[in-house]
Amino acid sequence: MWSHKVFYKKTHPFVWCLQRLTLGILFILLCAGCRSEKQGYERLVFNGLTMGTTYRIVATVDNDSTTSLSLKKLVEKRLEELCQSLSTYIENSEITRFNSSAAGEWFGVSSDLYRVVVAADSISRKTGGAFDITVGQAVDLWGFGAEGGALSNELPEQDKIHSAQQTVDYRQLQIQSDPPALKKSDSELKIDVSAIAKGYGVDEILLLLENVHEVHGAMVEIGGEIRVFGHRSDGFKWTVGIQSPVRDRGGLAAKVYLDNEAVASSGSYVNYFEKDGKRISHVINPLKGAPVETDTIATTVIDESCMTADAWATACMVMDVQKALDIARSEDIGLMIIREESEDSLEVISNNSFKKYLVNEDR
Ligand code: FAD
């Protein structure tokens with residue numbers, strides 16, 4: 001494994017003040033019209049709200065295309081469908097109904113929920129449970145789920161942490177393919193797909209746009225998770241800036257060119273509260289039923305699918321740095337980790353698979 005390290009000096013203590021800007025890691029999109037349009041194409045941009053965050057589409061369409069309004073409608077219809085299936089924040093969504101269903105019985109599910117759970121299960125197995133969508137009870141207990149509460153900044157009692165942890169185990173969730181169905185062996189088991197479903201949403205919207213013949217390329221972003229296909233309206237490759245948790249180097253940790261790939265991040269510096277000088281983050285260590293205690297503060301993954309990139313990014317927040325790098329090599333995914341090296345410096349570690357996407361100035 002080849003990796004390189006870049007040392008940052010922190011500017012003002014930490015720029016944790018970025019924390020409340022958005023629920024996801026912020027990405028700065030550098031794709032927007034920096035050069036003139038290539039003949040025959042124009043750039044179409046639209047955005048909106050979904051999944052408790054924002055979405056943004058930048059598409060390369062035929063000149064004089066009339067698809068603008070209908071594309072937005074198509075996209076929002078599909079996003080709404082996904083939320084009705086995958087959102088624990090919607091009272092009667094499919095996932096909420098499954099969570100309150102009885103143990104020991106097959107619960108028929110849509111192909112969306114099925115595909116997300118199958119992908120999550122595969123990553124749970126590969127990470128020995130560092131990634132585990134059955135963290136729902138623990139996420140809620142610590143105040144980071146649909147039940148809310150994190151802002152009270154109070155730590156849960158030890159026996160409650162223990163009880164929540166007992167419900168976390170991906171092996172207690174059985175999956176059937178035909179017809180698609182799920183079964184839990186513990187009625188308290190609660191799934192939460194927040195660490196993978198935004199990525200799945202990006203993949204699904206990208207697929208939808210790929211099938212529109214007037215669209216020749218697009219960048220799809222939901223809450224900081226991104227995937228691209230085709231080319232920009234000026235004919236160049238898509239470029240994505242990945243925000244650094246510190247404010248030097250123009251606020252970017254890296255800039256990457258993407259062709260047909262996805263990039264997703266996870267971190268402990270956006271969604272967290274502080275207690276007795278410790279950062280209590282929304283990323284849960286499933287083995288403890290409690291927020292991770294780690295010096296890794298952000299991870300970014302490049303992969304073909306945004307769903308897997310999204311999930312791997314969270315998994316790499318839970319695993320130690322060496323394990324994350326080893327698994328990234330065996331899975332052939334690009335990985336960048338930003339960790340707190342000492343009181344006043346951060347270390348950035350990127351593997352070769354990540355480095356090959358870097359824009360020249362960062363090589
Ligand atoms: P990521 O690192 O990608 O994911 C972290 C989240 O994953 C945690 O918050 C937790 O829920 C879960 N998690 C923690 N540890 C693990 C682990 N070890 N393994 C697996 N999962 C873990 N938020 C709102 O406030 N309002 C809404 O209406 C709303 N609707 C949503 C609808 C959908 C369909 C989805 C998918 C999410 C929604 N959210 C909503 C959640 C919000 O967007 C989340 O903050 C976001 O999904 C978490 O993404 P992230 O990039 O911040 O962190």
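Note that these values count all heavy atoms, side chains included, but never hydrogens, waters or copies made by symmetry.
The 12-atom threshold is not exceeded at NZ of K160, counting heavy atoms of other residues, nucleotides or ligands nearer than 6.0 Å. Shown here is E81, whose CD atom has more than 12 heavy atoms of other residues, nucleotides or ligands within 6.0 Å. More than 12 heavy atoms of other residues, nucleotides or ligands shown are found within 6.0 angstrom of CD on Q176.
A salt bridge does not link D332 to R329: none of the charged nitrogens lies less than 4.0 Å from a carboxylate oxygen. Here E204 does not pair with R227 in a salt bridge; the nearest charged N to carboxylate O distance is not below 4.0 Å. Between E221 and K198 there is no salt bridge, since no side-chain nitrogen of the basic residue lies less than 4.0 Å from a carboxylate oxygen of the acidic one.
Looking at heavy atoms from C-beta onward, M307 lies out of side-chain contact with D310 at the 4.5 angstrom threshold. At a threshold of 4.5 Å between non-hydrogen side-chain atoms, the residues S342 and E347 do not count as touching. For the pair W142/D140, no side-chain contact is recorded, criterion being any heavy-atom separation below 4.5 Å from C-beta on. Using a 4.5 Å cut-off on side-chain heavy atoms (C-beta onward), L155 and K278 make no contact. In this structure the side chain of F107 reaches within 4.5 angstrom of the side chain of R97, judged on heavy atoms. Within the 4.5 Å cutoff, side-chain heavy atoms of I297 are placed close to those of L346. In this structure, the side chains of V240 and L258 come closer than 4.5 Å at one or more pairs of heavy atoms. The shortest side-chain heavy-atom distance between T239 and R232 falls under the 4.5 Å cut-off.
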Can you check side-chain hydrogen bond (donor to acceptor under 3.5 Å, both in side chains) on Q172 and S185, steps first, answer last?
CA-CA 5 Å; Q172 303 299 319; S185 18; 2.7 Å; yes

Check against side-chain hydrogen bond (donor to acceptor under 3.5 Å, both in side chains), E94 and S110
CA-CA 8 Å; E94 187 177 23; S110 64; 2.7 Å; yes

Trace of the side-chain contact (heavy atoms from CB on, under 4.5 Å) decision for L44 with V58
CA-CA 6 Å; L44 173 67; V58 183; over 6 Å; no

For side-chain hydrogen bond (donor to acceptor under 3.5 Å, both in side chains), just list the numbers for T308 and D303, CA-CA rounded to whole Å, side-chain angles, deciding distance to a tenth of an Å, and then say yes or no.
CA-CA 7 Å; T308 54; D303 200 1; 2.7 Å; yes

Worked check of side-chain hydrogen bond (donor to acceptor under 3.5 Å, both in side chains) between N351 and S353:
CA-CA 6 Å; N351 69 3; S353 302; 4.5 Å; no

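In this structure, D203 contributes its side chain and C306 its backbone to a donor-acceptor pair below 3.5 Å. Side chain of T294 to backbone of T296: a donor-acceptor contact under 3.5 angstrom is found.
Exactly one of D132, T96, L182, T88 qualifies for a side chain to side chain contact (heavy atoms under 4.5 Å, CB included) with I191. That residue is L182.
Heavy-atom minimum distance, Y170 versus G129: CE2-CA, 3.5 Å. Of all the heavy atoms in M319 and A130, the pair that sits closest is CG-CB, 3.7 Å. V116 approaches V193 most closely through the heavy-atom pair CG1-CG1, 3.8 Å.
Inspection of the S265 and T300 side chains reveals an N or O donor paired with an N or O acceptor under 3.5 Å. Using a 3.5 Å distance cut-off with no hydrogens or angles, the side chains of R279 and S268 do pair a donor with an acceptor.
Both V202 and F46 are members of a single hydrophobic cluster when ILVMFWY side chains are connected at heavy-atom separations under 4.5 Å. Cluster annotation: V228 and L358 are assigned to the same hydrophobic cluster (Ile/Leu/Val/Met/Phe/Trp/Tyr, side-chain heavy-atom contacts under 4.5 Å, transitive). Cluster annotation: V301 is connected to V321 through the hydrophobic network of ILVMFWY side chains, with a link wherever side-chain heavy atoms come within less than 4.5 Å. Taking hydrophobic clusters as Ile, Leu, Val, Met, Phe, Trp and Tyr residues chained together by side-chain heavy-atom distances below 4.5 Å, V118 shares a cluster with V109.
The ring pair (Phe, Tyr, Trp, His ring centres under 6.0 Å) contacts involving residues 178-229 comprise Y41-H216, where partners must be two or more places apart or lie in separate chains.
Under the 6.0 Å distance and 45° angle rule, K184 counts as a cation-pi partner of F98.
Take E331 and apply the side chain to side chain donor-acceptor pair (under 3.5 Å) test, not counting sequence neighbours, and it matches K126.
V318 belongs to a hydrophobic cluster whose remaining members, ordered by chain and number, are V283, V292, M317; membership requires side-chain heavy atoms of ILVMFWY residues under 4.5 Å apart, directly or through intermediates.
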